[in-house]
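A short write-up of the structure that comes next.
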Amino acid sequence: MKKHLLFAASAIMAMTVFTSCSKQDNAAEPTFSVVTFENQKLNDQGFWCGAVEGTGYSYDDGYGGVTTTYPCAYTESGVKFNTNYSVSTWGYDYWSGFAISSRTQTTFSEATLTPDQYNNITGKANSGEKFCVVTTYGETIDIEGGAVVKGFYFTNSAYTVEVIKNGNSYAHKFDNTDWLTCTVVGTAADKSTKTVDIKLAENGTYVNSWQWADLSSLGKVVKLEFVFTGSDSGDYGVNTPAYICIDDMAIEK
């Protein structure tokens with residue numbers, strides 16, 4: 001059912017067996033794990049996007065209000081997904097980074113931005129019940145000790161697809177010349193970087209199923225970042241909702 005994930009696991013197991021027969025030293029064998037996001041407790045609407053907890057930092061928004069941001073994170077298998085949750089004295093809250101969802105709805109309405117922004121276009125996780133919703137403003141995935149990220153499964157957010165199909169007050173409806181790309185930037189321990197592009201929409205079509213993104217070319221990394229670019233962009237970046245949903249991140253340490 002999960003052909004790519006099983007293939008990756010089988011390949012690593014085969015490599016491990018070969019290595020164990022040929023090595024003459026006592027170096028530790030690589031370990032393989034999959035981040036599934038199943039460990040995070042969700043709210044009664046089926047999502048988590050951070051919380052008012054720990055030590056926050058406050059700043060004046062310049063309009064008479066104060067915003068307080070609370071750094072949060074989800075951690076699994078030594079991989080840390082950073083999220084910032086912010087609350088304003090104006091009475092609203094927002095987040096950026098990595099949220100986790102188990103929602104099965106596949107549609108989006110601006111009238112119900114929350115919780116609809118936590119829906120993906122397939123209505124399910126790639127496996128299990130939970131998946132990760134990504135929309136970042138500098139937040140990173142940090143990998144303790146570094147690892148080779150073999151890849152993950154990805155699909156489109158229902159929010160992104162709604163705007164691709166119909167446009168909104170900020171972005172136009174896509175035609176067959178439009179495109180949207182998520183670039184994954186891997187940073188090694190020596191600060192060098194490599195990138196992999198994930199095509200979310202192009203040539204009049206968009207991703208509407210879970211697909212495998214091979215990130216092994218990034219090599220051993222200590223950090224991953226997500227950068228969105230697209231044909232509909234302005235002074236502040238891409239106008240199309242810059243979201244991607246991911247699941248089952250395979251890593252080798």
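Source: prediction; values computed, not measured.
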Which value, rounded to the nearest 0.5 Å, describes the distance between I100 atom CD1 and F81 atom CZ? 7.5 Å
Do V149 and I143 touch side chain to side chain, with heavy atoms closer than 4.5 Å? yes
Would you check if the side chain of T155 reaches a backbone N or O of S209 as a donor-acceptor pair within less than 3.5 Å? yes
OG of S101 to CD of Q117, rounded to nearest 0.5 Å, is 10.0 Å
If the condition is side chain to side chain donor-acceptor pair (under 3.5 Å), which residues does T195 pass it with, not counting sequence neighbours? none
For Y137, the side chain to side chain contact (heavy atoms under 4.5 Å, CB included) test, sequence neighbours excluded, returns S96, T135, E139
Which pair of heavy atoms, one from N82 and one from A73, lies closest together, and at what distance? OD1-CB, 4.0 Å
Check whether any side-chain heavy atom of T183 lies under 4.5 Å from a side-chain heavy atom of V196, and answer yes or no. no
Specify the closest pair of heavy atoms between F32 and A250, including all atoms of both residues, with the distance to one decimal. CE1-CB, 3.8 Å
For residues A99 and T83, report the shortest heavy-atom separation together with the two atoms involved. N-OG1, 4.4 Å
Under 3.5 Å donor-acceptor, N119 side chain and T106 backbone: no
So do the side chains of I141 and F226 get within less than 4.5 Å of each other, counting heavy atoms only? yes
Output, in order, the C-alpha distance, side-chain angles, deciding distance and verdict of side chain to side chain contact (heavy atoms under 4.5 Å, CB included) for K130 and L42. CA-CA 9 Å; K130 299 172 184 176; L42 308 180; 3.9 Å; yes
Verify, without hydrogens or angle tests, whether N166 (side chain) and V163 (backbone) share a donor-acceptor contact under 3.5 angstrom. no
Measure the OG-CG distance between S88 and D61 for me, rounded to the nearest 0.5 Å. 5.5 Å
Please check this pair: side chain of D175 against backbone of G204, looking for a donor-acceptor N/O pair closer than 3.5 Å. no
Membership question, hydrophobic clusters at under 4.5 Å side-chain separation (ILVMFWY): are V148 and F152 in the same one? no
Which side chain to side chain donor-acceptor pair (under 3.5 Å) pairs, counting each pair once, include a residue from residues 65-77, with sequence neighbours left out? T36-E76, S58-T68, T69-S86, Y74-E76
What is the minimum heavy-atom distance between N84 and P71, and which atoms define it? OD1-CA, 3.6 Å
Counting C-beta onward and ignoring hydrogens, is there a side-chain heavy-atom pair between I198 and Q211 closer than 4.5 Å? no
With salt bridge (charged side-chain N to carboxylate O under 4.0 Å, His left out) as the rule and sequence neighbours excluded, what pairs involving residues 97-120 come up? R103-D116
Roughly how far, to the nearest 0.5 Å, is CG of L200 from OG1 of T160? 7.0 Å
For the pair V79 and D142, evaluate side chain to side chain contact (heavy atoms under 4.5 Å, CB included) and give the outcome as yes or no after the intermediate values. CA-CA 6 Å; V79 184; D142 298 332; over 6 Å; no
My understanding is that a hydrophobic cluster links ILVMFWY residues whose side chain heavy atoms are under 4.5 Å apart, including indirect links. Using that, what else belongs to the cluster containing Y94? Y57, Y59, Y63, W90, Y92
Shortest non-hydrogen contact from K253 to G146? CG-O, 3.8 Å
4.5 Å side-chain heavy-atom contact, F131 and D248: no
Per-pair distances, 0.1 Å, donor-acceptor, side chain in residues 213-222, under 3.5 Å, sequence neighbours excluded:
unit_1, atom_1, unit_2, atom_2, d
D214, OD1, S216, N, 2.9
D214, OD1, S216, OG, 2.7

Looking at E144, I'd like to know if its CD atom is crowded, meaning that more than 12 non-hydrogen atoms belonging to other residues, nucleotides or ligands lie closer than 6.0 Å. no
Residues 153-167 vs salt bridge (charged side-chain N to carboxylate O under 4.0 Å, His left out), sequence neighbours excluded, gives none
Can you find a heavy atom in the side chain of Y85 that is under 4.5 Å from one in the side chain of D93? yes
Could you pull out all residues at least two apart from T122 that satisfy side chain to side chain donor-acceptor pair (under 3.5 Å)? N120, W210
When every non-hydrogen atom of E129 is compared with those of E38, the smallest separation belongs to N-OE2, 2.9 Å
Close side-chain approach of T140 to L224, heavy-atom, < 4.5 Å: no
Under a 4.5 Å cut-off applied to non-hydrogen side-chain atoms, are Y153 and C245 in contact? no
Counterpart residues, ring-ring contact (aromatic ring centres under 6.0 Å, His included), relative to Y118 (two or more places apart): F47, W95
Assigning hydrophobic clusters by single linkage (Ile, Leu, Val, Met, Phe, Trp, Tyr; side-chain heavy-atom cutoff under 4.5 Å), is I164 placed with W179? no
L180 CG to N156 CG distance, which is reported to the nearest 0.5 Å: 7.0 Å
Around K80, counting heavy atoms of other residues, nucleotides and ligands shown, do more than 12 lie under 6.0 Å from its NZ? no
Once side chain to side chain contact (heavy atoms under 4.5 Å, CB included) is applied, do any residues pair with T193, and if so which ones, sequence neighbours excluded? V185, T187
Under the 3.5 angstrom rule, does the side chain of D247 hit a backbone N or O of N126 as a donor-acceptor pair? yes
Same cluster for V133 and V227 if Ile/Leu/Val/Met/Phe/Trp/Tyr side chains link at under 4.5 Å? no
Any ring pair (Phe, Tyr, Trp, His ring centres under 6.0 Å) pairs touching residues 154-178, not counting sequence neighbours? F108-Y159, Y159-Y243
Suppose we screen for ring-ring contact (aromatic ring centres under 6.0 Å, His included). Which residues come up paired with Y206, at least two apart in sequence or across chains? none
To the nearest 0.5 Å, tell me how far T177 OG1 sits from E202 CD. 12.0 Å
